[in-house]
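What follows is one structure encoded as structure tokens, with my remarks underneath.
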2 protein chains.
Amino acid sequence: MTGASSSKAKPTGPIPLGYGAIDGELAIGGKTASQLAEEAGDTPLFVYSRELLKRRVSDLRAAMPDQLAIHYAMKGNPFPPLLEYMNGLVDGFDLASGGEMELALAAGVNAENMSFAGPGKRDRELKAAIEAGVTLNLESEGEFARAVAIGERSGTTPKLAVRVNPSFDLKGSGMKMGGGAKQFGVDAERVPALIKEIIASGADWRGLHIYAGSQALNTGAIIEMQAATLELAARLSDEASTSPDKINLGGGFGIPYFPGEEPFDLDAVGGALGQAFSALPDSIAESEYCIELGRYLVGEAGVYLTRIVDRKVSHGETFLITDGGLHHQLAASGNFGTVIRRNYPIAIANKFDAEAEEVVDIVGCLCTPLDLLSNNVFLPRAEVGDLVAIFCAGAYGASASPMNFLGQGAAKEILV
Amino acid sequence: MTGASSSKAKPTGPIPLGYGAIDGELAIGGKTASQLAEEAGDTPLFVYSRELLKRRVSDLRAAMPDQLAIHYAMKGNPFPPLLEYMNGLVDGFDLASGGEMELALAAGVNAENMSFAGPGKRDRELKAAIEAGVTLNLESEGEFARAVAIGERSGTTPKLAVRVNPSFDLKGSGMKMGGGAKQFGVDAERVPALIKEIIASGADWRGLHIYAGSQALNTGAIIEMQAATLELAARLSDEASTSPDKINLGGGFGIPYFPGEEPFDLDAVGGALGQAFSALPDSIAESEYCIELGRYLVGEAGVYLTRIVDRKVSHGETFLITDGGLHHQLAASGNFGTVIRRNYPIAIANKFDAEAEEVVDIVGCLCTPLDLLSNNVFLPRAEVGDLVAIFCAGAYGASASPMNFLGQGAAKEILV
């Protein structure tokens, strides 16, 4: 079946580890895709796996130095039951808005374990965070001044850390958040002066947040970034004559989405960080350390299931049209920060074990050519009613897509 | 002020006609931006202008042949008060989902004047549309079979038109919806057979829907497309030995978003269509005609207002950070179907008349480098609290953006 029919096929990304079949169907949490769709009552549907979330965190803890705390950057996936579950697995939550703070509080997360980064915090968000006892990762001198004023009006001492705009970036990362002019954080050379002001203000000085980039798969680049981050933290601490209580080393751990991509070497990263921790300069030797990860913790633990509504042929090409689309899977459609569209890992969920035999385009139900879920993929023959699975849907899916586009509305979400 | 400070400035798109200043501020519907933000109670805010909506439709009617009906493709903007207002201006509504049908019915639109296109209509959407009396633009033979079966079960005769996948596209269009293999419509060569089946089925045969592309600014290309559409409609009608009641000529009328773009020549398009209507082949001489326009009717009538939360300098570049972002303005951020990011028309709304004096980046509040609203724009000096206006926000803004991203939520919307 790899003859003429597959010759025009384009590759798809690798299906993450941990997914198997029951009765020939993709199974998640011991249930088949058909059962999951049935139980949810409708498609499309995001399914998140407790087992895979737990395994990811335990693998991460096993590889990383003991003293490294794991924070969940909840922007990756703010589904309330998932937040509750993650709260039992990780040591802290990183927030990007007041809305996320409310979701985290509702999920039972202790405000003590929350930190809030984001370049455009409004006064009301600062006030709510300060009054709740959330640590603010300050993004500018102006934000510092606002936080101090709000703390005074509230009669609450603000917990203030500084987000640093490092002069290095994370090489090969999907998104650079450092290196050069950025809206994020305070340029490194201005940080010591700001730290001194924070301490002088009487605020609760919490430490440093240094985030250089995200979605990297290059092991060496991650190790190098973490080393540079520690070096920068030490230098800034020395210059400010301080020993920060906490140092957030940022994130950057990527997951494979596309053909040819492979996971980075987690053990190598953990080993290198352990070595670095054993030789810390004095000013940061007593600090508590954390990393903040969103996509890495939850991305591979989620699958998007969408049902085939029509099967049609146009000019010799076969289209499978689903009841889902870019309104839930903007990134998979190639329309979110992507230059060249590539195929996410995908399968016919209820024919997970079947032999591939045809090349098809899988599209969403939206009346726009942008709504392409998979282009020229080689899959088992699928019919109306079959379920398509798009993998790597645990992060930046439901909440990062225009759900109301063309009057569609939200997908179902379940945690199993 | 066009010296060194503006030398690295990148151009912005043209501000649409019809926007002026009151007391130096951008004014919409007789109110200043500051007043509008005050009345709405919060920012960010979409403001849609009744006056500009009305003017657009009346200009269009004046230019187009009298017998051409104007349909609103409500996917452009489904804000309920705007739908109600548009219902008083246009002759019909084009829907892309069952959700849109519900919104249109709630806005008082008569189901008789609705048609429903979309490649992934579910059975429940077909049922609701058939029972309401909405015309279905069939996208495939499979959808025809489902519609007939649902009509029989419902005891309702379905109103069926055929959406044609034309063999031509709209040259220079932002989105090609015809020409080659597509998920939209039925390949032209299979349409006559389908028409005969529809007529034979006893369904209410309504006519043809031929949509070749959208967002074109090339006058000649639009004229050519409409001529090709009429020619195709005639040929298909002849081959099927039918005279369709209605022919939907699609859309395609674009608006200028980016530097150097100019409106197409509406009078020339109307004149050419008038000539074509005066020489129609027999099979389509008695048909009723419409065009369906979304973006063209509403896009320039809307402005997005967002307030500056922080002003900061990083490595010598100035960033204005707003309380809005790509969660409401995905397309303006360059992340929705765009290959090369360019700047939408933009202004400091409460300093609309002021002299430009600095080059800045305007970014949203999201903690992602994707959230860039305008890159290196030359604007009047702006401070925290000032309002930024992004123009061309009337279509594919609020509903086409991931509003829940990073816990942000919806923007306010008002019709003035």
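All values below were derived from every heavy atom in this structure, side-chain atoms included, with hydrogens, water molecules and symmetry-related copies excluded. Residue numbers start from 1 in every chain, and the chains themselves are labelled A, B, ... in the order their sequence lines are given, proteins ahead of strands.
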Heavy-atom distance under 4.5 Å to chain A: side chain of Pro78(B), backbone, both or neither?
neither

Part of Thr368(A) within contact of chain B (heavy atom distance under 4.5 Å)
both

Would you please say whether a donor-acceptor pair under 3.5 Å links the side chains of Glu292(B) and Asn248(B)?
yes

At a heavy-atom separation under 4.5 Å, does Leu103(A) approach chain B through its side chain, its backbone, both, or neither?
neither

Cation over ring, Lys121(B) on Phe116(B), under 6.0 Å and within 45°?
yes

Between Glu139(A) and chain B, with a heavy-atom cut-off of 4.5 Å, which part of the residue counts as in contact: side chain, backbone, both or neither?
both

Does Arg311(A) use its side chain to pair, donor to acceptor, with the backbone of Leu320(A) at less than 3.5 Å?
no

Under 3.5 Å, is there a donor-acceptor pair between the side chain of Asp187(B) and the main chain of Glu189(B)?
no

Proximity breakdown for Phe319(B) and chain A, heavy-atom pairs closer than 4.5 Å
side chain

Can you say whether Arg190(B) sits under 4.5 Å from chain A via the side chain, the backbone, both, or neither, judging by heavy atoms?
side chain

Tell me, out of Glu141(A), His327(A), Arg122(A), who's got the most heavy-atom pairs with chain B below 4.5 Å.
Arg122(A)

Can any side-chain N or O of Asp361(B) pair as donor or acceptor with the backbone N or O of Asn376(B) at less than 3.5 Å?
yes

Shorter than 4.5 Å, heavy atoms on both sides: which option in Gln183(A), Glu317(A), Arg146(A) has the most such pairs with chain B?
Gln183(A)

Region of Ile340(A) in contact with chain B, defined by heavy-atom distances below 4.5 Å:
neither

For Asp323(A), which atoms come within 4.5 Å of any heavy atom of chain B: side chain, backbone, both, or neither?
both

Nearest heavy-atom contact between Phe336(B) and Leu330(A) is CE1-CD1, 3.7 Å

Could you tell me whether the side chain of Ser97(B) and the main chain of Glu100(B) form a donor-acceptor pair under 3.5 Å?
yes

Give, as side chain, backbone, both or neither, the part of Ile308(B) having an atom under 4.5 angstrom from any heavy atom of chain A.
neither

May I ask you to name which of Gly99(A), Ala400(A), Gly118(A) has the most heavy-atom pairs under 4.5 Å with chain B?
Ala400(A)

Residues Lys10(B) and Asn375(B): side-chain donor-acceptor under 3.5 angstrom:
yes

Quick one: does any side-chain atom of Tyr396(B) pair with a main-chain N or O of Phe405(A) as donor and acceptor, under 3.5 Å?
no

With a 4.5 Å cut-off on heavy-atom pairs, point out which of Glu125(B), Arg341(B), His315(B) contacts chain A the most.
His315(B)

Any carboxylate oxygen within less than 4.0 angstrom of a Lys/Arg side-chain nitrogen, looking at Asp42(A) and Arg307(A)?
no

Give the member of Ser214(B), Gly142(B), Gly337(B) that has the highest number of heavy-atom pairs under 4.5 Å with chain A.
Gly337(B)

At a heavy-atom distance under 4.5 Å, which candidate from Ser140(B), Ser314(B), Gly120(B) has the highest pair count against chain A?
Ser314(B)

Hey, does the side chain of Asp371(A) reach the backbone of Gly325(A) with a donor-acceptor pair shorter than 3.5 angstrom?
no

Taking atom types as modelled, is there a side-chain donor on Ser115(A) or Asp94(A) under 3.5 Å from an acceptor on the other?
yes

For each of Ala117(B), Gly185(B), Gly76(B), Gly324(B), tally heavy-atom pairs with chain A at distances under 4.5 Å, and name the one with the top tally.
Gly185(B)

Can you tell me which of Gly364(A), Ala398(A), Cys365(A) forms the most heavy-atom pairs within a distance under 4.5 Å of chain B?
Cys365(A)

If you count heavy-atom pairs under 4.5 Å between each of Gly407(A), Ala96(A), Cys367(A) and chain B, which one has the most?
Cys367(A)

Heavy atoms only, distances under 4.5 angstrom: which of Lys312(A), Glu102(A), Glu143(A) has the most pairs with chain B? Name it, please.
Lys312(A)

